[in-house]
Amino acid sequence: MATTIALVGNPNSGKTTLFNQLTGNHQYVGNWPGVTVERKTGLLKADHDVEIVDLPGIYSLSPYSNEEVIARNYLSEREATVILDIVDASNLERNLYLTTQLMEFGIPVVIALNQMDIVKKRGYKIKSEALSQDLGLPVVEISALRGDGIEDVVAESIKASNKGIAPTPVRFSQELESYLSTIEEHLPESVPEQLRRFETIKIFERDKMVSKDITSSFDFNEVVIAAESEFDDNSDAIITNARYKYITDIMPDIQRRTLSGLSTTEKIDRVLTNRILAIPIFVVIITLVYFISISTVGTYFTDWVNDGVFGDGWFVASQGRVAYDAASDDYTTATNDISAFLTAAEDNDVDPDDAETLATYIGSDAEDDADTDSSEYTTALANFEAAASQADITGETHAVDQDTGEIDEHSVSYDDFLAALDVEEPDPSDYGPWVPGIPVLTAAGLAAIDAPAWLTDLVQNGIIAGVGAVLGFVPQIMVLFFLLAILEGTGYMARVTFILDRIFRRFGLSGKTFIPMLVSTGCGVPGVMSTRTIESESARHLTIMTTTFMPCSAKLPIIALISTAFFGGAWWVAPSAYFLGIASIIVSGIMLKKTRPFLGEETPYIMELPEYRLPRFVDLLRSMWERAWAFIRKAGTIILLATILVWYLSNYGIENGSYTAVQNMDSSFLAAFGNAICWIFAPIGLGNWECASAITTGLMAKENLVGTMAVLYSTNPDVAWTTTFLQSLNSLTMGYGYCAAFSYLVFNLLCAPCIAAMGAIKREMGGFNKWFAAAIGYEMTFAWCVALMFFQFSKVAAGGPVDMWFILAIIVAAVMLFMLFRPYPKQQQNLGVSSASAAA
Amino acid sequence: MTLNDIKPGNSCRVIKLHDTGQTRRRILDMGITRGTEIKVNKVAPLNDPIEMTVRGYHLSLRRSDCRGIEVEAI
């Protein structure tokens, strides 16, 4: 008979470590159907016929939390042939409370007594033989951390599974047992022998999950009410009391307390949760996490993936990169200078023919390399230099850096022009050992097999550009999750909630919401994924829905662009973006907390502050890898498809009446799509297809926004595209282009995040379900409403006309104020709780 | 007297739980049952929640939930 071991235990009992020890690399992580709690199964390292199911860490089997319901349902399905109960020896009473419940499922139970070393350190003594004798269960002392006793516990489990003898459930006081036996006697015959005790207790506790098959003419409730009046307590409290009473009665046999000074944990907590020091220390720790994962180490590797692996290539040594980047920037500036000077020459009629000829050579080998002999180029250059040196002309550059959104404007004299001509395009191989990137390699490969142009474009600009941009986040995610795993593994994360609960629960959020918010200022993907650590379901949903309001690093170019192009680089634009993000989270938290899905679900804050411990390095790596892998898998599936779709839409369309690969983006399907939806953006001042299309490509990756707009608005070569952009906004809004520009910034900051982050939201919400739809729908609606208010109010304040959209903006503002300040609707307790508390 | 009234450093014994529903059940599951001894250790930097020792481990509860736990000082 095949053996299935169900691993059950309290949170922090060392369950994960034991699971990793048992299964090695043979494990599979997934979600439990319909919920976001992780489901892990694995095969025993030593014997692949033994399956191990890791159930969520739980304190009890009451039907109130997701984790507990899952564990209970799994055990009731009786797929497990043996329960391996991990008991934290340093916290015996509370751990054994769960054990007494596990003994009622009619499945053999084996106890793994973990963390005996802590017990010894604290000067306790625990007699595992006495524990085994009292409970009638096999008990094995283990150290999951060091791997001691693992073989023994496996052997005991397999033995128990083969024997298949159900444990004898613990008995309570005589008075209580007499009530219980009355219930048990009246259970229908159909209830199997092994489950009679379990069902009896569930009926007594008025548990809503009691088996539906139990129908009896006997009025069980009468018995329960009689017991409640005798014990002067609720029935479930009577049972809980009885279980703990049983445990405290056997404790003297098992544990002898010899000494108890300040434990190490208490010493650490004197500092870390100190009334004065706690918050400053928290700020320092979180800042460190942020800087390591988002700003420094993580970004270093992410840049490497983006510019190296999925870019031109990378240097083996980093000094080469720095030198090359500098040279490369110089070269870009030089090229811009040359073209600015040539444009100026053309405009001033200084040898315009030669200037035009030279312009076609900018960036070519002939311009860079004096040895390349091109008579047309050299002749044109000689003529032009002769003419230009006599004339007094200066060029004006206008270049937008697509990475930062910064605008470079300066004048170019004739001498600058000559100097710029001497700047050569740097060859990366001159700057140290150089490895070409994937696009370079695939380009060579595609050329070698004579691939058609469309296929090359699809692979290079569609798939590699899109999936590469998403995979670029992987290093940041890995570093971040490694650090979060340390915070979780050591036990500090529980303290974070302790310190911040007071602030965040006002907004329906958890103390741990701070971490996703902060991480999202770097990247929304790890931000959304780090909501995993929030235990309250409703706080987690709320955090997932709102955390991407924080401006992530990919939104910085938009902020910089709007601020430099429209507001003269005003200092207040960037901080206002962060302020807007924080305000949006708080406002959304208060508003949504008063709506039905979040009502009555105030999850109690009852938090164990576990012992501090040093986590195992391999467990940290595994935790990091599991989360990163979930992300990588997504990049390979849904994001790949979406990338191909957007590439197709922007490259194909109807040109001159026939379906073709388009030359200009304005005849693409993307433009047609933009035209079809741009009416939505008219009230916020952005009602043309260019804006709509840019917003659509922004959903791919926010850094696309600036690039797309640069392409779409570069229609007039004589003026900067940002000027064209402002002109078009002005004509759309009857002269209030600045208001529209700010509305554009607001909308793009707040609307649904990029596809990678949406993928993360989908995963954390548990699939394409109503929660996912609610999150994306809410973000879009909220962004539109806020942009509407910004645009309409600023327009009217600047003397603009009052129209129906302005009226709508006032209505929106009124509704939001109402939702913010209305009292909490009457607390409707959800059904599960009210039925259980009916007795209270 | 409720658990909320106990000052850090002092101990008490549980008389009765007055909360209802999910919160009460959770508190029970964590081992706060009739007669259990609780030592209040400290309060969080913002005065809420409270940290205590129950059955040999550290637990933290909000003040609002502590008000539902009737205790006697010891």
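As the structure is a computational prediction, the values presented were derived from the model and not from experiment. So that the names make sense, note that chain A is the first sequence line, chain B the second, and so on, each numbered from 1.
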Worksheet item: Taking the side chain from A:Arg502 and the backbone from B:Asp48, do they hold a donor-acceptor pair closer than 3.5 Å?
Response: no
Worksheet item: Any side-chain heavy-atom pair from A:Arg275 and B:Lys42 closer than 4.5 angstrom?
Response: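 No - every pair of side-chain heavy atoms lies 4.5 Å or more apart.
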Fill in: Minimum side-chain heavy-atom gap A:Ile606-B:Ile27 below 4.5 Å
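Contact flag for A:Ile606/B:Ile27 side chains = yes.
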Relative to chain A, which segment of [X] carries a heavy atom at a distance below 4.5 Å: side chain, backbone, both, or neither?
| X | result |
| --- | --- |
| B:Val43 | both |
| B:Asn41 | neither |
| B:Ile50 | backbone |

Worksheet item: Which one, B:Thr36, B:Leu17, B:Asn47, leads in non-hydrogen pairs under 4.5 Å with chain A?
Response: B:Asn47
Item to complete: Specify which of B:Glu51, B:His18, B:Arg34 makes the most heavy-atom pairs with chain A at under 4.5 Å.
Response: B:Arg34
Worksheet entry | Charged tip of B:Arg55 within 45° of A:Tyr244 ring normal and under 6.0 Å | yes
Practice prompt. Using only heavy-atom distances, determine whether the side chains of A:Ser62 and B:Asp29 contain a donor-acceptor pair under 3.5 Å.
Written response: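 Judged by distance alone, the side chains do pair up.
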Worksheet item: Do other residues, nucleotides or ligands put more than 12 heavy atoms under 6.0 Å from the CD1 atom of B:Ile74?
Response: yes
Discussion item. Quick check on A:Phe498 against chain B: is it the side chain, the backbone, both or neither that has a heavy atom closer than 4.5 Å?
Written reply: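 Both parts, heavy atoms under 4.5 Å.
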Practice prompt. Report the C-alpha distance between A:Glu68 and B:Arg26 in whole Å, list the side-chain angles of each, state the deciding distance to 0.1 Å, and finish with yes or no for salt bridge (Lys or Arg N to Asp or Glu O under 4.0 Å).
Written response: CA-CA 11 Å; A:Glu68 289 170 1; B:Arg26 279 253 141 255; 2.2 Å; yes
